[in-house]
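The block underneath contains the structure these notes are about, expressed in structure tokens.
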2 protein chains.
Amino acid sequence: MALSHAIMTALLEENLSGYDLAKKFDMSLGFFWQASHQQIYQELKKMLERGWLSSDTVEQAGKPNKILYALTGEGKSALDNWVVAETKARSAKEDLYVKLYNIGHCDPEPLIGEIADRQLQCQRQLALYLKIKERHYAEPETLPVNRKGIYLALSAGIRQQQMHIDWCDEALELLGAVA
Amino acid sequence: MALSHAIMTALLEENLSGYDLAKKFDMSLGFFWQASHQQIYQELKKMLERGWLSSDTVEQAGKPNKILYALTGEGKSALDNWVVAETKARSAKEDLYVKLYNIGHCDPEPLIGEIADRQLQCQRQLALYLKIKERHYAEPETLPVNRKGIYLALSAGIRQQQMHIDWCDEALELLGAVA
DNA sequence: TTAACTTATGCAACATTTTGCATATTTTGT
DNA sequence: ACAAAATATGCAAAATGTTGCATAAGTTAA
């Protein structure tokens with residue numbers, strides 16, 4: 001299990017529709033776990049069958065109806081079990097590093113370009129994270145426990161981006177892209 | 001495509017059997033792309049059909065026969081195309097960060113324990129990487145291009161581990177696991 | 001009024017990955 | 001002589017994830 005647990009985590013504090021979840025997975029939670037709306041709708045259906053969620057169709061004025069999902073007691077138990085269980089560290093699966101092994105065997109220019117692009121993306125993402133930190137998590141020690149958890153995830157994101165930006169610097173310099 | 005390209009990358013410098021590849025994916029290349037032997041054997045078969053690899057059965061004294069695979073011209077072209085093409089950045093899919101969102105809603109102790117364990121694992125992995133760096137990549141600027149690529153992958157691994165260790169420090173302190 | 005966009009849900013086909021098992025030979029330790 | 005471990009390859013089923021398509025209602029702006 002995996003996506004199901006991320007969905008239940010999102011439902012801890014509020015009930016959401018598939019559409020809401022898809023949006024949430026495009027930010028915040030989605031910084032660390034991406035999922036398409038197709039995947040989410042499919043998973044929601046399975047979770048209903050398993051009894052982990054309950055659903056409630058809500059008619060909306062001025063918008064199509066939506067189906068709100070809520071975590072059941074059974075779902076909460078399954079979630080707790082997962083949180084407590086050991087997670088085997090996932091393989092990184094970073095294409096870029098595998099590509100680097102090829103650099104003596106093909107034209108290095110496109111690869112250098114890709115590293116430069118990647119650095120820009122990271123810088124943008126980092127700026128976003130830093131803004132969120134500044135606004136909502138400026139003083140982590142004073143936060144309630146649940147917000148501390150979210151702050152730590154954010155902090156990991158910040159460190160991750162910063163590290164990658166630094167690595168790109170090293171790579172571009174070593175590969176001669178910087179004079 | 002993905003695993004197939006990692007396999008072809010491994011075959012750039014030497015011909016290998018499925019078993020050899022499985023071992024290689026447990027170290028070096030496998031630091032950035034993990035694959036089980038089942039997956040590798042299946043993929044090798046597909047790649048043979050596609051014409052990306054050629055195979056040669058080798059009888060061995062004192063060991064079961066093995067099938068050595070070699071990259072074909074067609075395979076090399078496919079690999080070159082992949083290296084040059086843009087890779088969309090993969091989602092991180094880090095369970096640990098998703099779990100953190102749950103920390104206000106369940107017993108935090110097991111999670112703190114998992115972070116501490118993770119830190120130890122990272123420290124071990126870091127020590128290994130540093131040893132490899134010291135032995136084979138002490139002076140990156142003087143390396144030939146293809147070794148520079150491998151060095152950069154290693155450097156990314158080192159930075160990754162170091163970053164994660166630092167983050168674990170922050171997390172353990174904020175969650176009160178350190179007095 | 002018509003096109004483009006947002007909200008909202010879903011199917012089907014395909015690709016990828018994981019898990020568990022099955023087989024066989026040879027080497028090494030007891 | 002026997003058990004365990006390493007070498008070597010593979011199938012089948014299930015879980016997961018991606019891609020492309022389909023549908024529908026309501027909103028906004030030219």
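Residue numbering restarts at 1 for every chain, and letters A, B, ... go by the order of the sequence lines.
In this structure, Phe25(A) atom CZ and dT18(D) atom P are separated by 12 Å, rounded to whole Å. In this structure, NZ of Lys23(A) is placed 11 Å from P of dT6(C), rounded to the nearest angstrom. Counting to the nearest Å, the C1' atom of dT7(D) and the CG atom of Leu21(B) are 15 Å from each other. Taking atom CD1 of Ile40(B) as the reference point, atom C1' of dT16(C) lies 14 Å away to the nearest angstrom. Atoms CD (Gln34(B)) and C1' (dT16(C)) sit 15 Å apart, rounded to a whole Å. Taking atom OH on Tyr41(A) and atom C1' on dG17(D), their separation rounds to 18 Å, with Å as the unit. The separation between His5(A) atom NE2 and dA15(D) atom C1' is 13 Å, rounded to whole Å. One can place NZ of Lys24(B) at 15 Å from P of dA8(D), the figure rounded to the nearest angstrom.
Grouping the Ile, Leu, Val, Met, Phe, Trp and Tyr side chains by contacts below 4.5 angstrom, directly or via other members, places Leu12(B) apart from Val84(B). A chain of hydrophobic side-chain contacts below 4.5 Å, direct or via other Ile, Leu, Val, Met, Phe, Trp or Tyr residues, connects Ile150(A) to Leu16(A).
Residue Lys66(A) has its side chain nearest to dT9(C) when only dT9(D), dT9(C), dT7(D) are considered. Among the nucleotides dT9(C), dG10(D), dT17(C), the one closest to any side-chain atom of His37(B) is dG10(D). Of the candidate nucleotides dG17(D), dG10(D), dA8(C), dG17(D) has the atom lying nearest to any side-chain atom of Trp33(A). Proximity note for Asp20(B) (side chain, C-beta onward) versus dG10(C), dA8(C), dA8(D): the nearest is dA8(D). Residue Gln39(B) has its side chain nearest to dT18(C) when only dG10(C), dT7(D), dT18(C) are considered.
Taking the six-membered ring where the residue is Trp, the centroids of Tyr101(A) and Trp33(B) are separated by 6.0 Å or more. Ring centroid separation for the pair Tyr97(B) and Phe31(A) does not come in under the 6.0 Å cut-off.
We find that Glu14(A) and Lys24(A) are joined by a salt bridge, their nearest charged nitrogen and carboxylate oxygen being less than 4.0 Å apart.
In terms of position on DNA chain C, the residue among Ser36(B) and Ile67(A) whose nearest nucleotide sits closer to the 5' end is Ile67(A).
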Distance-only check: which donor-acceptor pairs under 3.5 Å involve side-chain atoms of residues 132-141 of chain B, not counting sequence neighbours?
none

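Not one N or O on the side chain of Ser155(A) forms a donor-acceptor pair closer than 3.5 Å with the backbone of Tyr151(A).
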Look for any protein N or O under 3.5 Å of an N or O in nucleotides 12-14 of chain C and output each such pair with its distance, or none.
| from | atom 1 | to | atom 2 | distance (Å) |
| --- | --- | --- | --- | --- |
| dA12(C) | N6 | Gln42(A) | NE2 | 3.4 |

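Checking the phosphate oxygens (OP1, OP2) of dT9(D), a side-chain nitrogen or oxygen of Ser17(B) falls inside 4.0 Å. Considering only side-chain N and O atoms, Lys45(B) lies under 4.0 angstrom from the phosphate OP1 or OP2 of dC11(D).
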